[in-house]
Amino acid sequence: MAMPLRQTIKVAGYLFQQKTLRRRDKFPLLVELEPLFACNLKCEGCGKIQHPAGILKQRMPVAQAVGAVLEAGAPMVSIAGGEPLMHPQIHEIVRQLVEKKKYVFLCTNALLMRKKMDKFTPSPYFAWAVHIDGLKERHDASVAKDGTFDEAVEAIKEAKRRGFRVTTNSTFFNTDTPQTIIEVLNFLNDDLKVDEMMLSPAYAYEKAPDQEHFLGVQQTRELFKKAFAGGNRKKWRLNQSPLFLDFLEGKVDFPCTAWAIPSYSLFGWQRPCYLMSDGYVTTYKELLEETDWDSYGRGKDPRCANCMAHCGYEPTAVLATLGSLKESLRAARETLGGS
């Protein structure tokens with residue numbers, strides 16, 4: 001299933017305006033906003049907390065965070081980090097973005113979620129995006145802290161009880177099997193009944209402590225092809241385009257369009273994406289115009305060889321959907337079927 005109908009209509013209208021009316025070749029679909037790098041976990045697959053202590057203590061001012069999103073103009077924003085709930089004004093950042101009718105996904109490991117929940121208000125424009133990387137044993141091992149899975153489950157239940165929209169984000173490694181993917185997505189879909197789920201193969205962060213368990217392209221395709229078999233794709237409430245799921249299975253291939261999901265952090269706009277760091281610029285316009293986008297992607301930059309992450313390839317799939325009547329109708333059927 002794709003995103004909710006209201007959000008689908010707004011995003012489709014935005015894409016039509018950018019591509020057809022304004023004839024822009026490059027534009028943002030979603031902004032990855034990182035208002036801090038600090039975190040209360042030390043996940044083996046994450047390279048964010050490797051920054052010096054002085055950087056980890058910094059918190060982005062509210063006006064700067066909101067201003068960056070408005071500057072880019074994207075209809076959606078994913079607030080990540082680090083752990084965003086460690087930011088003392090994160091609720092104000094969310095409030096102002098929702099007020100501007102931006103669709104906000106607040107990514108969190110959920111350890112602070114129940115404690116901070118009173119500061120947030122349910123809205124069609126706001127969703128919790130809880131990281132769940134497996135069932136209890138596997139998830140707790142991936143984040144290197146026992147009890148994290150149980151706390152995340154309780155936080156999701158409480159958020160659902162209060163009327164919040166709750167999504168999940170699951171990253172899979174070469175230690176996963178089709179069965180472990182099926183088990184966690186079945187649990188999230190059928191037991192917790194989260195609104196939507198997003199998934200992505202892990203990408204090898206240069207600074208990540210664990211460099212041994214990232215997936216290669218062929219491994220990724222085989223893993224998801226088997227996990228999606230038997231009609232699983234249709235029953236799971238996946239917050240991703242049908243073509244991106246085809247891409248994960250190896251049914252189609254796409255170039256990377258990292259410019260469509262730009263990353264803004266304490267350092268500025270990150271080139272070329274939040275997974276790689278080839279420098280920073282002050283404005284999104286500079287990012288677009290001064291980055292050699294043709295030099296990135298599989299077959300072009302060796303660092304991109306095994307990347308199939310959503311930040312580079314989901315927007316390509318979305319644009320391909322918009323450019324095809326057949327795929328647009330397919331995506332619409334899946335959206336309406338799950339609305």
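All values reported here derive from a predicted model rather than from experimental measurement.
- Ser263 places a side-chain heavy atom less than 4.5 Å from the side chain of Glu34.
- Applying the ring pair (Phe, Tyr, Trp, His ring centres under 6.0 Å) criterion to Tyr14, with sequence neighbours excluded, gives no partner residue.
- The residues Arg165 and Glu196 are annotated as salt-bridged, a charged nitrogen and a carboxylate oxygen being separated by less than 4.0 angstrom.
- A cation-pi arrangement is not found for Arg6 relative to Tyr103, the charged atom failing to lie both closer than 6.0 Å to the ring centre and inside a 45° cone about the ring normal.
- For residues 75-86, every residue pair satisfying the side chain to side chain donor-acceptor pair (under 3.5 Å) rule, not counting sequence neighbours, is listed here: Glu83-Thr108, Glu83-Asn109.
- Between Glu154 and Glu158 the shortest side-chain heavy-atom distance does not fall below 4.5 Å.
- Across Leu106, Leu70, Ile93, Val104, a single residue satisfies side chain to side chain contact (heavy atoms under 4.5 Å, CB included) together with Val77, and that is Val104.
- You'll find the side chain of Glu314 reaches within 4.5 Å of the side chain of Gln240, heavy atoms only.
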| side chain to side chain contact (heavy atoms under 4.5 Å, CB included) between Phe244 and Thr321, intermediate numbers included | CA-CA 10 Å; Phe244 179 72; Thr321 299; over 6 Å; no
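- Minimum heavy-atom separation, Pro262 to Leu30: CD-O, 3.2 Å.
- Under the 4.5 Å side-chain heavy-atom criterion for grouping Ile, Leu, Val, Met, Phe, Trp and Tyr, Met198 is not connected to Ile156 through any hydrophobic cluster.
- Judged as a ring pair (Phe, Tyr, Trp, His ring centres under 6.0 Å), and not counting sequence neighbours, Phe105 has no contacts.
- Using the six-membered ring where Trp is involved, Phe224 and Phe172 have ring planes that are perpendicular, over 60° apart on the 30 and 60° scheme.
- Remark: side-chain polar atoms of Thr257 are paired, donor with acceptor, to backbone N or O of Thr316 under 3.5 angstrom.
- Looking at every heavy atom in both residues, Pro122 comes nearest to Gly163 through CB-O, 3.5 Å.
- Of the residues Tyr280, Tyr274, Trp269, Tyr284, the one that meets the ring-ring contact (aromatic ring centres under 6.0 Å, His included) test with Tyr264 is Trp269.
- Considering every non-hydrogen atom in both Leu243 and Ala320, the closest pair reads CD1-CB, 3.8 Å.
- In this structure, Asp140 contributes its side chain and Gly147 its backbone to a donor-acceptor pair below 3.5 Å.
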| Evaluation steps, side chain to side chain contact (heavy atoms under 4.5 Å, CB included), between Phe126 and Arg95 | CA-CA 9 Å; Phe126 173 68; Arg95 188 192 68 78; over 6 Å; no
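- Asp253 and Arg221 are joined by a salt bridge, as a carboxylate oxygen and a charged side-chain nitrogen come within less than 4.0 angstrom of each other.
- Ion pairing of Glu183 with Arg138 is absent here, as no side-chain N (NZ or NE/NH1/NH2) approaches a carboxylate O to less than 4.0 Å.
- With a 4.5 Å cut-off on side-chain heavy atoms, Leu223 and Leu248 do not count as touching.
- Counting all heavy atoms, side chain and backbone alike, Ala38 lies closest to Leu56 at CB-O, 3.2 Å.
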| field | Test log, rule side chain to side chain contact (heavy atoms under 4.5 Å, CB included), inputs Arg298 and Cys256 | value | CA-CA 8 Å; Arg298 283 185 285 115; Cys256 174; over 6 Å; no
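- The pair Arg237-Asp195 does not count as a salt bridge, with every side-chain nitrogen at least 4.0 angstrom from each carboxylate oxygen.
- Ring pair His51/Phe267: centre-to-centre distance below 6.0 Å.
- Residues passing the side-chain hydrogen bond (donor to acceptor under 3.5 Å, both in side chains) test with Gln218, sequence neighbours excluded: Glu222.
- Using a 4.5 Å cut-off on side-chain heavy atoms (C-beta onward), Leu36 and Met60 make no contact.
- Across all non-hydrogen atoms, the minimal contact from Lys119 to His91 is O-CB, 3.6 Å.
- No side-chain donor-acceptor contact under 3.5 Å links Arg59 to the backbone of Gln89.
- Grouping the Ile, Leu, Val, Met, Phe, Trp and Tyr side chains by contacts below 4.5 angstrom, directly or via other members, places Val252 with Leu319.
- Among residues two or more places apart in sequence or in another chain, the salt bridge (Lys or Arg N to Asp or Glu O under 4.0 Å) test is passed with Lys235 by none.
- Under the 30°/60° scheme for interplanar angles, the aromatic rings of Phe120 and Trp128 are found to stand perpendicular.
- Taking the side chain as every heavy atom from C-beta outward, Ile132 and Val194 never approach each other to under 4.5 Å.
- Closest non-hydrogen pair, Val31 versus Ala72, comes out as CG2-CB, 3.7 Å.
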| Audit row: Val143, His131, side chain to side chain contact (heavy atoms under 4.5 Å, CB included) steps and yes/no | CA-CA 10 Å; Val143 301; His131 292 273; over 6 Å; no
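- With a 4.5 Å cut-off on side-chain heavy atoms, Pro255 and Lys300 do not count as touching.
- Under a 4.5 Å side-chain heavy-atom criterion applied to ILVMFWY residues, the cluster that includes Phe16 comprises Leu21 as well.
- Inter-residue side-chain proximity for Leu287 and Trp259 is flagged as unmet; no heavy-atom pair is nearer than 4.5 Å.
- Salt-bridge check for Arg271 with Asp292: failed, with every basic side-chain N at 4.0 Å or more from each acidic carboxylate O.
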